[in-house]
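To start, the structure under review is shown below, and the notes come after it.
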Amino acid sequence: MRRVVVTGMGAITPIGLSVDEFWNGVKESRVGIGPITRFDATQYKAKIAAEVKGFVAKDYMDPKTAKRMELFSQYAVAAAKEAIEQSGLDMEKEDPFRVGTAVGSGTGSLQSIERNEKRIADKGPNRIEPLLVPLMISNMACGNVSIYFGLKGKSINVVTACATGTHNIGEAFRTIQYGDADVMIAGGTEACVTPIGVGGFAALTALNTTEDCSRASIPFDKDRAGFVLGEGAGVVVLEELEHAKARGARILAEVTGYGATSDAYHITSPSEDGMGAANAMIFAMKDAGITPAEVDYINAHGTSTHHNDLFETRAIKIAMGDAQNDVLISSTKSMVGHLLGAAGGIEFITCVKSIEDGYVHENVGLHEVDDEEEFSLNYVKDHGVSKDVNVCMSNSLGFGGHNATLVVKKYVD
């Protein structure tokens, strides 16, 4: 089985428009949540979101190209650009059919749907934008990354709601392991802070309706009351080890395990016994050839909903067994909200940076762990922890029962 390493990372987030800006924000426990500015949210139950601030597409691509992309695709291309530049990958020296793309989005462009529904209502169906379909569909983030950078290998868009980013990185990992590509650009992207996005999740009673931004996304806290909608993109360059070494690439970390399951239980709730997510972790650890005692940190899905945090806690206990109290646990969503299809990409980057810097961030806003007896894990609270981090796991759980876990290790030749 071929070894797979990380050689580049790119991030567009509510707390920074690059990996360095994002990670500095993480270490400062910065919260990127604020009042919604994308539209007038006065009549909406949820009035806050984790919006990306200051993003200008022409800073990453020419204006003509940007106009042919919706925001979720622009975020993906921008993050991929940073990742590819960090990796030092030179496509003029690569066989383009050996470099693939796996970048997903949970929703695609809600903006284009809203725009064109209004056109139909106001002017009739003959005034629909000619490019509506290629602007709207979720695979166009992957397609645009592939086109923009000339990547002619496998090009896939795994869509599993909130597990999208993790599944895309996992499938890219498998693609390289089994020799179908030497390099994969992988991750997730999302831009759904729109009237239908906010309204839809609020109608589902999934969003926290508080206007206190410091107490809105508080995973594992007894006062948690729903997630905060976020946006952005997290994209990484995965590469076969010998290919990376041959071109002198700097290796950031190694991906060693991937587990994926389905709850087969409910369209929005994880299974109450936690067995779906637990088995994703168990399968990932088995794939990586490690024991629970070797895991230093779990980046939890940690959405700040009652069901997710409780059932994921149960899952971690099952998967980790006797090591459950030794592993550090935190959720990056406490700072950036829930990026949906992009969440797994950003959280994977968090794991790599935790290994690089020897730092595990806190659950920002976690004041009092839920008083239910089951919440007895080592949730990082009050401040981050500086320690040697060798092995991380990243969990993602998606509506529909999709579970995915990745294992990332410190690279050792």
Side-chain angles (χ1 to χ4, degrees), residues 6 9-33 49-52 75 79 106 162-166 169 187-190 208 213-214 216-221 224 227-236 253 295-305 308-309 312-313 316 327-357 359-366 377-385 389 392-398 404-406 408:
V6 184
M9 302 190 296
I12 299 293
T13 79
I15 59 171
L17 302 181
S18 68
V19 170
D20 284 347
E21 285 183 13
F22 162 70
W23 186 242
N24 287 335
V26 167
K27 290 192 290 187
E28 293 168 4
S29 299
R30 190 184 311 151
V31 175
I33 298 168
E51 299 176 338
V52 168
Y75 286 166
C162 313
T164 292
T166 300
I169 294 171
T189 184
E190 208 76 84
N208 195 332
C213 298
S214 68
S217 184
I218 47 174
F220 310 112
D221 192 281
R224 70 190 187 283
F227 69 79
V228 175
L229 199 60
E231 61 174 358
V235 177
V236 297
V295 180
D296 299 300
Y297 169 51
I298 295 175
N299 188 291
H301 189 58
T303 61
S304 191
T305 64
N308 176 93
D309 295 2
E312 187 178 9
T313 290
I316 291 170
V327 64
L328 298 176
I329 297 166
S330 64
S331 170
T332 309
K333 293 179 181 70
S334 63
M335 288 172 276
V336 299
H338 194 345
L339 275 59
L340 304 183
I346 289 299
E347 290 155 12
F348 178 89
I349 289 169
T350 300
C351 287
V352 174
K353 294 301 293 183
S354 295
I355 290 169
E356 278 195 313
D357 278 12
Y359 178 81
V360 174
H361 72 73
E362 65 175 304
N363 291 282
V364 180
L366 176 56
L377 298 175
N378 193 0
Y379 312 103
V380 182
K381 186 174 175 287
D382 300 326
H383 53 77
V385 176
V389 179
C392 299
M393 284 203 301
S394 180
N395 288 339
S396 291
L397 321 177
T405 297
L406 291 164
V408 194

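As the structure is a computational prediction, the values presented were derived from the model and not from experiment.
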Mind checking side-chain contact (heavy atoms from CB on, under 4.5 Å) for N395 and listing every partner two or more places apart, or none if nothing turns up? M281, I298, E312, I316, T405

Hits for ring pair (Phe, Tyr, Trp, His ring centres under 6.0 Å) against H301, two or more places apart or cross-chain, chain-then-number order -> H338

F220: what forms a ring pair (Phe, Tyr, Trp, His ring centres under 6.0 Å) with it, not counting sequence neighbours? Y379

Qualifying residue for side-chain contact (heavy atoms from CB on, under 4.5 Å) with Y297, from V380, N378, V360: V360

By salt bridge (charged side-chain N to carboxylate O under 4.0 Å, His left out) - contacts of D357 (at least two apart): K27

Go through the structure and list residues passing side-chain hydrogen bond (donor to acceptor under 3.5 Å, both in side chains) with D221, not counting sequence neighbours. R215

Any salt bridge (Lys or Arg N to Asp or Glu O under 4.0 Å) involving residues 332-352? Give me the pairs, sequence neighbours left out, ordered by first then second residue. K333-E347

Report the distance from atom CG of L328 to atom CG of N299, rounding to the nearest 0.5 Å. 11.5 Å

Return the set of residues passing side-chain contact (heavy atoms from CB on, under 4.5 Å) with T13 (not counting sequence neighbours), or none when no residue passes. A11, I15, F22, I346

Sorted by chain and residue number, the side-chain hydrogen bond (donor to acceptor under 3.5 Å, both in side chains) partners of E21 (sequence neighbours excluded) come out as none

Partners meeting side-chain hydrogen bond (donor to acceptor under 3.5 Å, both in side chains) with T350 (sequence neighbours left out): none

State which residues pass side-chain hydrogen bond (donor to acceptor under 3.5 Å, both in side chains) with S354; sequence neighbours excluded, sorted by chain then number. none

All side-chain contact (heavy atoms from CB on, under 4.5 Å) counterparts of E51, not counting sequence neighbours: I36, T37, R38, A49, K53, V193, E231

